[in-house]
Enquirer: 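One structure coming up, written as structure tokens, with questions to follow.
Chain naming here is simple, since letters A, B, ... match the order of the sequence lines and numbering starts at 1 in each. What you see is a predicted model, and the numbers here were worked out from it, not measured in a lab.
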Amino acid sequence: MPELPEVEVTRLGLETGLVGAAVTAVTCRTPSLRYPLPSRLLHRLVGRRLLGINRRGKYLLFDFGIGHLLLHLGMSGSLRLVPAASPAQRHDHFDLVFGRIAMRLRDPRRFGAVLWLQDNPARHPLIAVLGDEPLADDFTPSWLYQKTRGRRAPIKQTLMDSHLVVGIGNIYASESLFRAGIDPRKPAAGISLTRYRRLVPAIRETLEAAIAAGGSSLRDFVRSDGSSGYFQQQYFVYGRTGEPCHHCGGTVKSLRQGGRASFYCPRCQK
DNA sequence: CTCGCCACCTGGGGGC
DNA sequence: TGCCCCCAGGTGGCGA
């Protein structure tokens, strides 16, 4: 799915095309994704101008002045700009139409979310519980070090806990730990401040490189302009079980942690 | 608070 | 060809 970089690339793609435009129609084709679609409330957007698009973690927040449309892409969601007249296909659940252009949400696995937030988005229960933004200035080695005292879970799963730090999914957790030279199985509490001084920049570099590459985490990820794309970002370890490590030439290994696949190089990551 | 596990859903791929 | 099982992905919610 869309991890933070893919959501951010989506946000950037939509922002250019939609901010300042007014909604002319709303189409809900699915009664419910993760939550029921608030179709009655959404129809009140007709005639309203989109003032801005923000991101918090993997959530997108569309500011309409009278409230915010909150979208989450789940595991398989994508948002694209299409001609308003183009026929919807299977799994196209929701359209926000801006004249001749429609922003279309497609989500085959339907883990995504569409919600209407009347009040301050930061106070919404889904947003209020979120952890630090990994690209923000307050995400520092000492902050992460302090927050992980007493956490005996493996660092890989800890990085994926959105209540601690947002936006890092299964792919970029493995990639960040490779860059930092840390074994994904290491308990978070057992990692020294010195090593967090390496991990925090590694997370930033991983996410920023992916944003620069235009989003990459799903084979079927489609950028908001509809182009197929990701400049084939090269993963260091993700999905490369049995292949040679790009750094040391050793063999990339995989294991399961909390029901998900992790990838690492035993020689580079201790 | 932390942890481990389940549920949610669908399409694609491999094995037989 | 068809069937079955497993897997991918994010996150809320549960009980321990």
Enquirer: Taking CG from Asp107(A) and P from dT10(B), how many angstroms apart are they, rounded to a whole number?
Expert: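 Nearest whole value for this atom pair: 10 Å.
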
Enquirer: Rounded to the nearest angstrom, tell me the gap between atom CZ in Arg149(A) and atom C1' in dT2(B).
Expert: 15 Å

Enquirer: Just how far, in rounded Å, is P of dG10(C) from OH of Tyr172(A)?
Expert: 10 Å

Enquirer: Rounded to whole angstroms, how far apart are CZ on Arg152(A) and P on dG4(B)?
Expert: 8 Å

Enquirer: Given atom OH of Tyr59(A) and atom P of dG10(C), what is their separation to the nearest angstrom?
Expert: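 To the nearest whole Å, that distance equals 13 Å.
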
Enquirer: Check for a donor-acceptor pair, side chain of Gln257(A) on one end and backbone N or O of Pro184(A) on the other, with a separation under 3.5 Å.
Expert: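 Judged by distance alone, yes, a pair lies under 3.5 Å.
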
Enquirer: Considering just the side-chain nitrogens and oxygens of His163(A), establish if one lies under 4.0 Å of OP1 or OP2 belonging to dG12(C).
Expert: yes

Enquirer: Mind listing the side-chain donor-acceptor pairs of residues 96-105 of chain A below 3.5 Å, one per line with the distance, residues two or more places apart or on another chain?
Expert:
from	atom 1	to	atom 2	distance (Å)
Arg104(A)	NE	Asp95(A)	OD1	3.0
Arg104(A)	NE	Asp95(A)	OD2	3.2
Arg104(A)	NH1	Ser86(A)	O	3.0
Arg104(A)	NH1	Ser86(A)	OG	3.1
Arg104(A)	NH1	Pro87(A)	O	3.4
Arg104(A)	NH2	Ser86(A)	O	2.9
Arg104(A)	NH2	Asp95(A)	OD2	2.9

Enquirer: Check the phosphate of dT11(C) against His72(A), side-chain N and O only, distance under 4.0 Å to OP1 or OP2. Yes or no?
Expert: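 Answer yes for this pair, as a side-chain N or O of His72(A) is under 4.0 Å from OP1 or OP2.
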
Enquirer: Among the candidates dT10(B), dG4(B), dG12(C), find the nucleotide nearest to the side-chain atoms of His91(A).
Expert: dT10(B)

Enquirer: Roughly how many Å is it from CG in Leu126(A) to P in dT11(C), rounded to a whole number?
Expert: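 Result: 10 Å.
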
Enquirer: Atom CZ of Arg106(A) and atom P of dG11(B): how far apart are they, to the nearest Å?
Expert: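 Nearest whole value for this atom pair: 12 Å.
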
Enquirer: Within the 3.5 Å criterion, strictly below it, is a donor on Thr206(A) or Glu175(A) matched to an acceptor on the partner's side chain?
Expert: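 Thr206(A) vs Glu175(A): no donor-acceptor pair found between side chains.
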
Enquirer: Donor-acceptor pairs under 3.5 angstrom involving side-chain atoms of residues 136-147 of chain A: please list them, not counting sequence neighbours.
Expert:
from	atom 1	to	atom 2	distance (Å)
Thr140(A)	OG1	Ser142(A)	OG	3.4
Thr140(A)	OG1	Trp143(A)	N	3.2

Enquirer: Looking only at non-hydrogen atoms, find the nearest pair between Asp63(A) and Leu50(A) and report the distance.
Expert: O-CD1, 3.5 Å

Enquirer: In plain terms, say whether Glu208(A) and Arg204(A) are close enough for a salt bridge, that is, a side-chain N and a carboxylate O under 4.0 Å apart.
Expert: no

Enquirer: Dump the pairs, protein N or O against N or O of nucleotides 14-16 of chain C, anything under 3.5 Å, distances to one decimal.
Expert:
none

Enquirer: Please output the side-chain donor-acceptor pairs of residues 116-134 of chain A that fall under 3.5 Å, not counting sequence neighbours, one pair per line with the distance.
Expert:
from	atom 1	to	atom 2	distance (Å)
Trp116(A)	NE1	Gln118(A)	OE1	3.3
Gln118(A)	NE2	Ile66(A)	O	3.2
Asn120(A)	OD1	Ala122(A)	N	3.0
His124(A)	ND1	Leu126(A)	N	3.0
Glu133(A)	OE1	Arg55(A)	NH1	3.0
Glu133(A)	OE2	Arg56(A)	NH1	2.9
Glu133(A)	OE2	Gly57(A)	N	2.6

Enquirer: Of the options dG4(B), dA8(C), dT10(B), whose atoms approach the side-chain atoms of Ala261(A) most closely?
Expert: dA8(C)

Enquirer: What nucleic acid atoms does Gly258(A) come within less than 4.0 Å of, heavy atoms only: base, sugar-phosphate, or nothing?
Expert: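 Touches nothing.
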
Enquirer: Output a table of nitrogen or oxygen pairs between the protein and nucleotides 7-9 of chain B separated by less than 3.5 Å.
Expert:
from	atom 1	to	atom 2	distance (Å)
dC9(B)	O4'	Arg109(A)	O	3.3
dC9(B)	O3'	Arg110(A)	NH1	3.4

Enquirer: Whole angstroms only, please: what is the CG-P distance between Leu115(A) and dT11(C)?
Expert: 14 Å

Enquirer: Would you name the heavy atoms of Leu14(A) and Leu79(A) that are closest together and state the gap between them?
Expert: CD1-CD1, 3.7 Å

Enquirer: Please list, chain by chain and in numerical order, all residues satisfying salt bridge (Lys or Arg N to Asp or Glu O under 4.0 Å) with Arg185(A), sequence neighbours excluded.
Expert: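 For Arg185(A) the salt bridge (Lys or Arg N to Asp or Glu O under 4.0 Å) partners, ignoring immediate neighbours, are Asp183(A).
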
Enquirer: Can you figure out which of dG10(C), dG4(B), dT11(C) approaches the side chain of Ser162(A) most closely?
Expert: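 For Ser162(A), the side-chain atoms sit closest to dT11(C).
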
